[in-house]
Amino acid sequence: MTRPPVLLTRRLPPRAMALLQSRVDLRCNPHDRPLTAEELRRLAFGVSGIVATLNDRLDAQVFDEAPNLRVVANYAVGYNNIDLAAAGSRGIIVTNTPGVLTDATADLTWALIFAVTRRLGEGERLVRGGGWTGWSPTQLLGLDLRDATLGIVGMGRIGRAVGLRARGFGMRV
């Protein structure tokens, strides 16, 4: 059985690459950068599927160059980089990965909270600049999180994930 030709617009993590390579005739972007519009149109010719990223603008021109295209799998939470009307009028199915970044984004939010409350940036610059001379009771004290209140604007998936992590620090949300 022949495997369907699929364009991968950017290399993915090794596990995903191995899975794709085992199931489809994978055609990969040879560069570690987004494809230009012209490159994307040229590489799309003859493929049955495209695994795109949020940097790829998939519009009617791309779809016109890919008459065999049946599915676009967007490696992104959203799909505003894809002309859904143009895809739909050609019978192209468009998928995305909603929710895949919820935990990662909540974790990064907490990394920023820690950086601010514990003055990590200042401490890092002090050490790298050779200005740290040893511990001091008042140096870079920062703020305590226990019993603090965390205000979250928007309690969607990410807001809720950030709030759940706040419990572990004894915070009010």
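The residues of the chain are indexed from 1 along the displayed sequence.
- With respect to Asp59 and Arg41, no salt bridge is recorded, no charged nitrogen being found less than 4.0 Å from a carboxylate O.
- More than 12 heavy atoms of other residues, nucleotides or ligands sit less than 6.0 Å from atom CZ of Arg33.
- The other members of the hydrophobic cluster of Val100, by chain and number, are Val77, Leu101 (side-chain heavy atoms under 4.5 Å, ILVMFWY only).
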Go through Arg70 and Ser48 one step at a time and tell me if the side chain to side chain donor-acceptor pair (under 3.5 Å) criterion holds. CA-CA 5 Å; Arg70 297 293 166 253; Ser48 300; over 6 Å; no

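- When every heavy atom of Val24 is checked against every heavy atom of Pro4, the shortest pair comes out as CB-O, 3.4 Å.
- Applying the ring pair (Phe, Tyr, Trp, His ring centres under 6.0 Å) test to every pair with at least one member in residues 24-64, sequence neighbours left out, gives no pairs at all.
- Leu140 is not connected to Phe114 by any chain of hydrophobic side-chain contacts under 4.5 Å among Ile, Leu, Val, Met, Phe, Trp and Tyr, and they are in different clusters.
- In this structure, Arg27 CZ and Leu43 CG are separated by 9.0 Å, a value rounded to the nearest 0.5 Å.
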Just do the side-chain contact (heavy atoms from CB on, under 4.5 Å) check on Leu58 and Val94 with the steps written out, would you? CA-CA 11 Å; Leu58 298 175; Val94 175; over 6 Å; no

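- Closest non-hydrogen pair, Ala44 versus Ala66, comes out as O-CB, 3.3 Å.
- In plain terms, the two heavy atoms of Thr149 and Met171 that are nearest each other are C-CE, 4.3 Å.
- What you find for Ala73 and Thr95 is that their closest heavy atoms are CA-OG1, 3.2 Å.
- The CD1 atom of Ile158 sits 4.5 Å away from atom OG1 of Thr105, with the distance rounded to the nearest 0.5 Å.
- No side-chain heavy atom of Asp56 sits less than 4.5 Å from a side-chain heavy atom of Val62.
- Between Trp110 and Phe169, the ring planes lie parallel to each other; the angle is under 30°, not in the 30° to 60° tilted range.
- No donor-acceptor pair closer than 3.5 Å links the side chain of Arg167 to the backbone N or O of Gly163.
- Within the model, atoms CD1 of Ile92 and CG of Leu69 stand 4.0 Å from one another, a figure rounded to the nearest 0.5 Å.
- A donor-acceptor pair under 3.5 Å is absent between the side-chain atoms of Arg42 and the main chain of Glu38, judged by distance alone.
- When the shell of 6.0 Å around CZ of Arg3 is examined, it contains more than 12 heavy atoms from other residues, nucleotides or ligands.
- Follow the hydrophobic side-chain contacts under 4.5 Å out from Leu35 and you never reach Val6; the two are in separate clusters.
- Atom-to-atom distance recorded for Leu108:CG and Asp103:CG is 11.0 Å, nearest 0.5 angstrom.
- Within 6.0 Å of atom CD1 in Ile93, 12 or fewer heavy atoms from other residues, nucleotides or ligands are found, so the atom counts as exposed in its surroundings.
- At distances below 3.5 Å, at least one donor-acceptor pair connects side-chain atoms of Arg172 with backbone N or O atoms of Asp147.
- At distances below 3.5 Å, not a single donor-acceptor pair connects side-chain atoms of Asn96 with backbone N or O atoms of Asn74.
- For Arg128, the salt bridge (charged side-chain N to carboxylate O under 4.0 Å, His left out) partners at least two apart in sequence or on another chain are Glu124.
- Take Arg90 and apply the salt bridge (charged side-chain N to carboxylate O under 4.0 Å, His left out) test, not counting sequence neighbours, and it matches Asp64.
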Steps toward side-chain contact (heavy atoms from CB on, under 4.5 Å) verdict (Leu40, Leu7): CA-CA 9 Å; Leu40 182 56; Leu7 170 61; 3.9 Å; yes

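- To the nearest 0.5 Å, the span separating CG on Leu20 from CZ on Arg15 amounts to 12.5 Å.
- Asn81 places a side-chain N or O within 3.5 Å of a backbone atom of Thr53 that can act as its donor or acceptor partner.
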Go through the steps to decide whether Asp32 and Arg10 satisfy the test side-chain contact (heavy atoms from CB on, under 4.5 Å), and finish with yes or no. CA-CA 7 Å; Asp32 189 21; Arg10 293 295 293 270; 3.2 Å; yes

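- Within the hydrophobic cluster formed by Ile, Leu, Val, Met, Phe, Trp and Tyr side chains joined at under 4.5 Å, directly or through other members, Leu19 stands alone, with no partner residue.
- When every heavy atom of Leu141 is checked against every heavy atom of Arg118, the shortest pair comes out as O-NH1, 3.3 Å.
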I'd like to know whether Arg165 forms a side-chain contact (heavy atoms from CB on, under 4.5 Å) with Asp107, so could you lay out the CA-CA distance, the side-chain angles of the two residues, the decisive distance to 0.1 Å, and finally the verdict. CA-CA 8 Å; Arg165 285 157 174 76; Asp107 291 348; 2.7 Å; yes

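- Under the side chain to side chain contact (heavy atoms under 4.5 Å, CB included) criterion, Met17 pairs with Leu8, Arg11, Leu12, Gln21, Leu26, Cys28, not counting sequence neighbours.
- Leu54 CG to Tyr79 OH: the interatomic distance, rounded to the nearest 0.5 Å, is 14.5 Å.
- Residues Asn29 and Pro34 share a closest heavy-atom pair of ND2-C, 4.3 Å.
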